[in-house]
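Structure first, then comments.
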Amino acid sequence: MKLARARQMQEIDGAAIQKTGIPSLVLMENAGRETVSLLLRYFGRMERKKVAVFAGPGNNGGDGFVIARHLLEAGAEMTVYLLVESGKIKGDAAVNLEIVKKLGVSVHLLLDEADAVHLQLDCCDVIVDALFGIGLKREVTGHFAAAVQAINRAGCPVVSVDMPSGIDSDSGRILGVAVRADLTVTYGVAKPGQFVYPGKEMVGALEIVDIGIPARIVEQAGLRYELIDRDMVGSFLPARGLNSHKGTFGHLLVVAGSLGKTGAALLAALGGLRIGTGLVSLCVGRKLNAIYESALFEAMTIPVTGGVDGAPAIADFDEIALAMHGKQAMVIGPGLGTDDGTKELVQRIWQQAGMPLVVDADGLNGLAAAPDLLSRGCDGPRILTPHPGEMARLTGVTSKEIQQNRIRAALELAEKVNCHVILKGAGTVIAGPDGRVAINSSGNPGMAAGGMGDVLCGMV
């Protein structure tokens with residue numbers, strides 16, 4: 001499923017209006033009407049229920065006025081809280097504000113922070129958040145922040161228009177404070193920030209509605225972000241021929257493991273086996289070889305001398321290079337340790353391995369020790385699979401900075417290194433050097449356990 005950043009969505013809206021002649025007022029009407037349809041489906045009939053709409057500047061507030069009108073027609077007792085002077089409402093939003101006023105909807109100006117702080121919404125049955133939508137980039141402060149906090153403590157269902165107010169729709173970052181919605185109704189195309197934490201946590205149930213933008217306008221927008229879903233993954237997994245054999249499905253070489261961390265190497269090998277690799281060979285230190293051979297029957301081992309901690313080291317490079325022959329892909333790093341000789345081995349393999357290479361765990365730490373390598377060319381395709389801490393070491397920033405904009409962090413590293421980056425975590429971000437981004441929609445808290453990353457790199 002394609003995802004649109006804020007500017008792209010604005011361009012899509014503009015193209016629909018300019019190229020096809022669909023009036024912007026029609027798009028706003030469709031957005032409001034479809035939102036009310038979903039609100040009724042989720043929260044039931046609205047007769048005699050008290051509903052408050054919080055409206056800000058711009059078209060998001062305009063959508064809120066349309067919603068207020070349709071809910072009034074559905075029998076709701078409506079109140080609109082307007083957080084800017086009426087004279088600052090322009091265009092289509094102003095048209096719809098005038099309509100709700102003429103219909104007798106109570107419109108209250110909420111311009112003072114003290115008034116917003118003391119706002120009591122306990123009597124509300126539903127609140128509609130139409131403050132900011134997708135264009136917000138600045139921190140939410142003052143009476144806007146106080147209104148958001150009042151919405152969050154109201155204790156009734158909250159419906160957000162396009163995006164919970166206070167969330168950066170491109171990154172999922174909370175801009176100071178943000179509305180915690182029970183339902184978010186987004187228009188035309190879903191947004192990246194709806195699937196990346198912490199934004200995802202504020203969205204609640206997400207519904208994507210058609211507001212009348214022609215499909216070809218969206219197709220022509222060149223959207224490069226997408227959500228990985230079941231259909232997309234299914235297209236990557238071809239049917240296996242009835243006459244296939246182990247040689248049909250490739251041979252993976254795993255360079256991993258050290259004393260006390262043999263499990264990481266075994267899990268990476270298992271990941272490769274379970275995803276369907278025909279053959280897996282583990283290149284491991286000789287003193288630990290018996291552990292691998294007795295623990296995993298399906299994989300083969302290639303014992304090398306190894307360092308003091310039993311991990312493959314730079315002195316083993318020639319043997320490992322020989323083992324690369326006939327392999328279609330390679331993993332380096334799980335449980336490898338951070339001995340100097342091992343780091344040097346990682347750096348040499350990064351430069352010289354001609355096959356697709358996945359670098360994980362201590363392999364990433366080995367690369368972080370030689371940051372200049374990342375901006376040089378190498379001999380084959382590369383995939384980095386860091387968690388935020390490893391990403392911080394690779395890029396020289398803090399984990400907190402990485403988490404504030406996971407998409408940007410992954411993209412910048414992918415473009416710098418000319419490789420693919422899989423930034424692990426809830427809502428894993430996959431970034432390519434050509435600017436494409438995919439966000440993983442699967443996963444659950446039960447996966448918060450050691451070894452998950454090792455399995456992942458073997459699968460990749």
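Quick caveat: nothing in here was measured; it's all calculated off a predicted structure. Here, residue 1 is the first one in the sequence, and each next residue gets the next number.
Heavy-atom contacts from other residues, nucleotides or ligands closer than 6.0 Å to CZ of R153 number more than 12. In K137, the NZ atom is crowded: over 12 heavy atoms of neighbouring residues, nucleotides or ligands sit closer than 6.0 Å.
Using modelled atom types and a 3.5 Å distance limit, the side chains of E207 and Y42 yield a donor-acceptor pair.
Not a single donor-acceptor pair under 3.5 Å links the side chain of T277 to the backbone N or O of L279. Without hydrogens or angle criteria, Q347 side chain to G366 main chain gives a donor-acceptor distance under 3.5 Å. The backbone N or O of T338 sits nowhere less than 3.5 Å from a side-chain atom of T342 that would complete a donor-acceptor pair. A donor-acceptor contact shorter than 3.5 Å links the side chain of E390 to the backbone of H387. In terms of modelled atom types and a separation under 3.5 Å, the side chain of S160 and the main chain of A130 share no donor-acceptor contact. When atom types are taken as modelled, the side chain of K343 and the backbone of A368 share no donor-acceptor pair closer than 3.5 angstrom. The closest donor-acceptor contact from the side chain of H251 to the backbone of G247 lies at 3.5 Å or more, if one exists at all. Between the Q194 side chain and the K200 main chain, no donor and acceptor come within less than 3.5 Å of each other. Judged purely by atom type and a 3.5 angstrom limit, S441 uses its side chain to pair as donor or acceptor with the backbone of I228. With hydrogens and angles disregarded, a donor-acceptor distance shorter than 3.5 Å links the side chain of R382 to the backbone of G380.
Annotation for M1 and A190: closest pair CE-CB, 4.1 Å, computed over non-hydrogen atoms. Here the closest heavy-atom approach between residue G435 and residue Y225 is recorded as O-CE1, 4.1 Å. Nearest heavy-atom pair across A361 and G333 is CB-O, 3.8 Å. The minimum heavy-atom distance linking D122 with A154 is given by the pair OD1-O, 4.1 Å. Across every non-hydrogen atom of M452 and G446, the tightest pair is CE-O, 4.4 Å. Closest non-hydrogen pair, F249 versus G276, comes out as CB-O, 3.5 Å.
A 4.5 Å side-chain heavy-atom check between D13 and I213 finds at least one atom pair inside the cut-off. V233 places a side-chain heavy atom less than 4.5 Å from the side chain of L237. Taking the side chain as every heavy atom from C-beta outward, V417 and S375 never approach each other to under 4.5 Å. Looking only at side-chain heavy atoms (C-beta outward), R180 and P164 stay at 4.5 Å or farther from each other.
The structure places CD1 of I12 at 10.5 Å from CZ of R5, a figure rounded to the nearest 0.5 Å. One finds the CG atom of D168 at 7.0 Å from the CG atom of N405 (value rounded to the nearest 0.5 Å). Separating the CG atom in D379 from the CH2 atom in W350 is a distance of 11.5 Å, to the nearest 0.5 Å. With rounding to the nearest 0.5 angstrom, the CG atom of N30 is 12.0 Å from the OG atom of S37. Expressed to the nearest 0.5 Å, how far CE of M202 lies from OG of S165 amounts to 10.5 Å. Note that the CD1 atom of I302 and the CZ atom of R286 stand 11.5 Å from one another [nearest 0.5 Å].
Test V53, V185, V128, D129 against V161 for side chain to side chain contact (heavy atoms under 4.5 Å, CB included) and you get one pass: V128. Shown are D63, T35, D210; of these, the side chain to side chain donor-acceptor pair (under 3.5 Å) with Y187 is made only by T35.
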Kindly list each side-chain donor-acceptor pair under 3.5 angstrom involving residues 215-224, sequence neighbours excluded, with atom names and distances?
{"from": "R224", "atom 1": "NH1", "to": "D434", "atom 2": "O", "distance (Å)": "2.4"}

Which atom pairs, one a donor and one an acceptor, fall under 3.5 Å between side chains of residues 256-266 and the rest of the protein, sequence neighbours left out?
{"from": "S258", "atom 1": "OG", "to": "G335", "atom 2": "O", "distance (Å)": "2.8"}

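Between K246 and E298 there is no salt bridge, since no side-chain N of the basic residue sits under 4.0 Å from a carboxylate O of the acidic one. The pair E401-R406 fails the salt-bridge criterion, with no side-chain N (NZ, NE, NH1 or NH2) lying under 4.0 Å from an Asp/Glu carboxylate O. At a threshold of 4.0 Å, the pair K191-D162 counts as salt-bridged, since one of the basic side-chain nitrogens sits closer than that to a carboxylate oxygen. A salt bridge does not link D316 with R348: every distance from a Lys NZ or Arg NE/NH1/NH2 to an Asp or Glu carboxylate oxygen is 4.0 Å or more.
For N365, the side-chain hydrogen bond (donor to acceptor under 3.5 Å, both in side chains) partners two or more places apart in sequence, or in a different chain, are D362, R393.
Using cut-offs of 30° and 60° on the angle between ring planes, the pair F144 and F132 is tilted.
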